[in-house]
Enquirer: 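One structure coming up, written as structure tokens, with questions to follow.
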Amino acid sequence: TSSTALVAALHHAALLDHKGWLQADPRRSAWRDAVRASGVATSFPGSAPGVADALIADASGVEEELKIAWAQHNTVATHVVHTMEFIRA
């Protein structure tokens, strides 16, 4: 599957540790190079039907999933004070 190929590409590029965890923030790591080099990039859906994910920062579905795996929830982080006030209300 595409996800298996993605994990293999990340392992091959030494971007995952021995437990399979990302070793660096995907916003700053070379994961795009690894995914492109493996050829798996073309299997991920992009911005329109029949278009592959271009792996562009903040527009890539793969990047968004990697940021979640890294625990980067930028949607909430941007407005964390207001979010916490809302939750407490």
Enquirer: Return the CG to CD1 distance between Leu22 and Ile68, rounded to the nearest 0.5 Å.
Expert: 12.0 Å
Enquirer: Find the distance between CG (Leu10) and CG (Asp17) and round it off to the nearest 0.5 Å.
Expert: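 One finds 11.5 Å between CG of Leu10 and CG of Asp17.
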Enquirer: Does the Ser38 side chain pair with the main chain of Val35, one donor and one acceptor, at a distance under 3.5 Å?
Expert: yes
Enquirer: Can you confirm whether Trp21 sits close enough to Leu16 that some side-chain heavy atom of one is under 4.5 Å from a side-chain heavy atom of the other?
Expert: no
Enquirer: State the CG-OG1 distance between Leu6 and Thr1, to the nearest 0.5 angstrom.
Expert: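 The OG1 atom of Thr1 is 9.5 Å from CG of Leu6, to the nearest 0.5 Å.
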Enquirer: Minimum heavy-atom separation for Ser43 to Ser2, with atom names?
Expert: OG-OG, 3.0 Å
Enquirer: If you draw a 6.0 Å radius around NE2 in His12, do more than 12 non-hydrogen atoms from other residues or ligands fall strictly inside?
Expert: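 Counting other residues, nucleotides and ligands, NE2 of His12 stays at 12 neighbours or fewer.
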Enquirer: Do Phe44 and Ser3 come close enough that some side-chain heavy atom pair is under 4.5 Å?
Expert: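 Phe44 vs Ser3: side chains apart.
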Enquirer: Counting N and O atoms only, with roles assigned by atom type, does the side chain of Trp70 sit under 3.5 Å from a partner on the main chain of Pro26, one being a donor and the other an acceptor?
Expert: no
Enquirer: Which pair of heavy atoms, one from Ala52 and one from Ala41, lies closest together, and at what distance?
Expert: CB-O, 4.0 Å
Enquirer: Counting C-beta onward and ignoring hydrogens, is there a side-chain heavy-atom pair between Arg32 and Leu55 closer than 4.5 Å?
Expert: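 Arg32 reaches Leu55 side chain to side chain.
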Enquirer: Flag the pair Glu63 and Arg27 as a salt bridge only when some basic side-chain nitrogen lies within less than 4.0 angstrom of an acidic carboxylate oxygen.
Expert: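 So Glu63 does not pair with Arg27 through a salt bridge.
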Enquirer: Is the shortest distance from a Lys or Arg side-chain nitrogen in Glu64 or Lys67 to a carboxylate oxygen in the other one below 4.0 Å?
Expert: yes
Enquirer: Taking Val62's backbone N and O only, do any of them form a donor-acceptor pair with Asp53's side chain (distance below 3.5 Å, no angle check)?
Expert: yes
